[in-house]
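The first residue in the sequence is number 1, and the count goes up from there. Values in this document were obtained by computation on a predicted structure and should not be read as measured data.
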Amino acid sequence: MPTLKVDGQDVTVPQGATVLQACEAAGAEIPRFCYHERLSIAGNCRMCLVEMVKSPKPVASCAMPAADGMEIKTNTPLVRKARQGVMEFLLINHPLDCPICDQGGECDLQDQAVAYGFDHSRYHENKRAVSEKNMGPLIKTVMTRCIHCTRCVRFTEEVAGTEEIGAVFRGENMQITTFLEQAVRSELSGNVIDLCPVGALTSKPYAFAARPWELKKTESIDVHDAVGSNIRVDTRGAEVLRVLPRLHEDVNEEWISDKTRFACDGLKRQRIDTAYVRRDGRLQAASWAEAFEAIRMNMSRLEGSQIAAIAGDLADAEAVKALKDLMGKLGSPNMECRQDGARFDVSAAAGWRFNTTIAGIEQADAILLIGTNPRVEAAILNARIRKRYLKGHVSIAVVGPTVDLSYPHEHLGTGPEVLRAIADGSHPYAAVLKNAKAPMLVLGSGATARADGLAIHGLARKIAETCGLVRDDWNGFNLLHTAAGRVGALELGFVPGQGGRDLEGILEGAMRGEIRAVYLLGADEIDMSQLDGAFVVYQGSHGDAGAHRADVVLPGAAYTEKNATWVNTEGRVQQGRRALFPPGEAREDWTILRALSDVLGKRLPYDSLAQLREAMADDAPLFTVVDAIMAAEWAPFGAEGAIAATPFASTVSDFYLTNPICRASNTMAECSALHSGGAEKATGTHG
């Protein structure tokens, strides 16, 4: 490893590190606009100039490899004069519209201008003007402000893999634009807003909404998919104005999907802010006491086998635990958390976790995707697979629908017959997996959400065992979930008990009159017409499908309005914090269930969040440790059985409209209409 001297201090850095990284390791602050640690080096802004002894002129530290024996100076008169000259050139054409720029207060150019700018200009020529570009409903452009750092170009090409933004013309006439003036179609496009060091690319839905110093900032967890991206929720008063990513190297790095970032306007629309009871065929506003009494009247006389509960995709672990305990006290074994009808063996945690972990994808050298389209089911996880592809020496294969995943892959087939051939070793890809040092497979809900899902689950386990995907130091078997609340519910055992009914059994029982009461905890993705013969209680935050069918509606809190726990697809326990209070009479979900248990005469044994979390830890040791992975022990799971030849299909038909919050969002509706399915449509494979 090279050792060099920075401002008189010796520093040793890894081989391949740049001078800029060496300077930062030594504690020196180096200004930059084009350089970003997760993107390739462009070296075109020249703001990071430093003085290198024996060099005739300043060097761009971001593009200069660190070498043994170098002597670098970062704060000499020569360096300062060079940076001031660069800043002067950058500001020649930059408009003086900071007072109306949404980047104001968070602008790298503003910050660096304070340090290296002048209070006057020596240039009196007309400033150039650039026409605005159409980048869709999410990204607002003011391209006259652009300083040509090309961060957005490199992000779409390298991280998103869509190659939609580029530069046209040359020199002073250079412009950053989308090809063919079309909207950006990537599911990660909003990240260019964070990357832009000036106000050229800003959030269109957030335009002119607030200044950063007006906002209350709360750290939380995203619930729009099962990745569990770390986010920051910015609020003013009783409204969420924007959602930004937080750094978490093992989960989302510093990226979030467009759904995570822009669906927040759905938090204030179609909200349930009071209880409702159906009278004379119509839902009418009611008090909490009236709603609870209606539930007691209809459920207290039923046997446990006649009651069922379904937990929705966004349900937090505390609410699931409270509902599970309430169903237990009512004597009901009919519980289900898999709204998509997924059938997989829940007896072993290793069978329904992403055991490799999201960060572990970067170690894999052979990846088999089965019945999943991670680009729309878990966009951030898909970006991690692309990152692994860019490192080289990896084989990626797909069994399922033909889709554009943003990286080259081999399409092996569309149905389960390919899996049989891989499992018995007759398929060529079986040898690829066996010869790989770190092979992994990803089983998606498109493979398990079908009648033969249990058998396919077992077949995938057989592939893992026969092809060497599981060993003491590596577990390459992964189940990719699409719902944020799914893994937490599975950990807590919110599945059919002894003699209990699964989702299909609950719906069939309701149609036959065998299930007479169904409790929906934010469950909106099921066929509500099958519940026509049952008494339905819906507890949730939005007036979606479940609330329309319900006989009693209880107003719950959205994910930004409660202190709650979610477990992501890899089994990582993460806690979100309340950014604002629920609207109207809405309350946190577990407190509603605790109050209802009193009315039903089945009092739950906890009165505080701390007591509830202790009970959760008793049920599942996983909840004793936050933000860590507890490896699941490998054990047999799945089942033998007949497998249909039906091709696999992704369970996510529209990336932008997957839950009640998204469906209430005008921004997501606009994106859905614009893209008409966009990236999840079959467009063929690369390579």
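With salt bridges taken as basic N to acidic carboxylate O contacts below 4.0 Å, one links Glu514 and Arg501. One finds a salt bridge joining Arg486 and Asp340 here, because a Lys/Arg side-chain nitrogen approaches an Asp/Glu carboxylate oxygen to under 4.0 Å. Salt-bridge formation is not detected for the pair Arg420/Asp424: no Lys NZ or Arg NE/NH1/NH2 atom is positioned less than 4.0 Å from an Asp or Glu carboxylate oxygen. Between Glu293 and Arg296 a salt bridge is recorded (basic side-chain N to carboxylate O distance below 4.0 Å). Remark: Arg353 does not engage Glu570 in a salt bridge, criterion side-chain N to carboxylate O under 4.0 Å. Taking the charged nitrogens against the carboxylate oxygens, Arg594 and Glu588 have no contact shorter than 4.0 Å, which rules out a salt bridge. Contact check on Asp532 versus Arg549 returns a salt bridge, with a Lys/Arg side-chain nitrogen under 4.0 Å from an Asp/Glu carboxylate oxygen.
One N or O on the side chain of Glu561 and one on the backbone of Ala558 form a donor-acceptor pair closer than 3.5 Å. Side-chain atoms of Ser597 come within 3.5 Å of backbone atoms of Leu604 as a donor-acceptor pair (strictly under, hydrogens ignored). With hydrogens and angles disregarded, a donor-acceptor distance shorter than 3.5 Å links the side chain of Lys324 to the backbone of Leu492. Between the Gln574 side chain and the Gly228 main chain, a donor and an acceptor come within less than 3.5 Å of each other. Without hydrogens or angle criteria, Asp452 side chain to Ala455 main chain gives no donor-acceptor distance under 3.5 Å. The main-chain N or O of Phe637 is found under 3.5 Å from a side-chain atom of Arg461 such that the two form a donor-acceptor pair. A distance-only check finds a donor-acceptor pair linking the side chain of Arg301 to the backbone of Met297 [under 3.5 Å]. For Arg603 (side chain) and Gly601 (main-chain N/O), no donor-acceptor pair under 3.5 Å exists by modelled atom type. Checked by atom type and distance alone, the side chain of Asp225 never pairs as donor or acceptor with a backbone atom of Ala379 at under 3.5 Å. At least one donor-acceptor pair under 3.5 Å links the side chain of Gln339 to the backbone N or O of Glu525.
In the model, Thr372 has a side-chain atom that pairs as donor or acceptor with a side-chain atom of Glu377 under 3.5 Å. Side-chain contact annotation: Thr651 with Ser445, donor-acceptor N/O pair under 3.5 Å present. Side chains of Thr565 and Asp316: a donor-acceptor N/O pair is absent below 3.5 angstrom, by distance only.
Ring planes of Trp288 and Phe292: tilted class, angle from 30 to 60°. Aromatic ring orientation, Phe477 versus His457: tilted (interplanar angle from 30° to 60°).
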(request) Could you walk me through whether Trp566 and Gln575 pass side-chain hydrogen bond (donor to acceptor under 3.5 Å, both in side chains), step by step? (result) CA-CA 6 Å; Trp566 287 273; Gln575 292 179 349; over 6 Å; no
(request) Please step through side-chain hydrogen bond (donor to acceptor under 3.5 Å, both in side chains) for the pair Asp222 and Thr260, ending with a clear verdict. (result) CA-CA 6 Å; Asp222 172 54; Thr260 302; 2.8 Å; yes
(message) Applying side-chain contact (heavy atoms from CB on, under 4.5 Å) to Tyr538 and His548, what does each step give before you reach the verdict?
(response) CA-CA 9 Å; Tyr538 177 82; His548 285 229; over 6 Å; no
(message) Show, in sequence, the C-alpha distance, side-chain angles and deciding distance for Leu554 and Tyr519, and conclude whether the side-chain contact (heavy atoms from CB on, under 4.5 Å) test is met.
(response) CA-CA 11 Å; Leu554 304 177; Tyr519 200 107; 3.5 Å; yes
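In summary, of the residues considered (Asp265, Asp524, Asp544), a salt bridge (charged side-chain N to carboxylate O under 4.0 Å, His left out) with Arg663 occurs for Asp544 alone.
With a 4.5 Å cut-off on side-chain heavy atoms, Ile221 and Ile231 do not count as touching. With a 4.5 Å cut-off on side-chain heavy atoms, Asn252 and Asn230 count as touching. Contact annotation: the side chain of Tyr276 never approaches that of Val552 to less than 4.5 Å [non-hydrogen atoms, C-beta and beyond]. Side-chain contact between Phe344 and Leu479: present, with at least one pair of heavy atoms (C-beta onward) separated by less than 4.5 Å. Within the 4.5 Å cutoff, no side-chain heavy atoms of Ile307 are placed close to those of Ile515. Annotation: side chain of Leu314 is not in contact with side chain of Tyr559 (no heavy-atom distance under 4.5 Å). Annotation: side chain of Val573 is not in contact with side chain of Asp627 (no heavy-atom distance under 4.5 Å). The shortest distance between side-chain heavy atoms of Arg338 and Asp313 does not fall below 4.5 Å.
Gln539 contributes atom CD, which lies 4.5 Å from atom CG of Asp589 (distance to the nearest 0.5 angstrom).
Applying the 6.0 Å contact sphere to CZ of Arg279 captures more than 12 heavy atoms from other residues, nucleotides or ligands. Other residues, nucleotides and ligands contribute over 12 non-hydrogen atoms within 6.0 Å of the CZ atom of Arg271.
For the pair Lys259 and Phe655, the cation-pi test (distance below 6.0 Å, angle within 45°) is passed.
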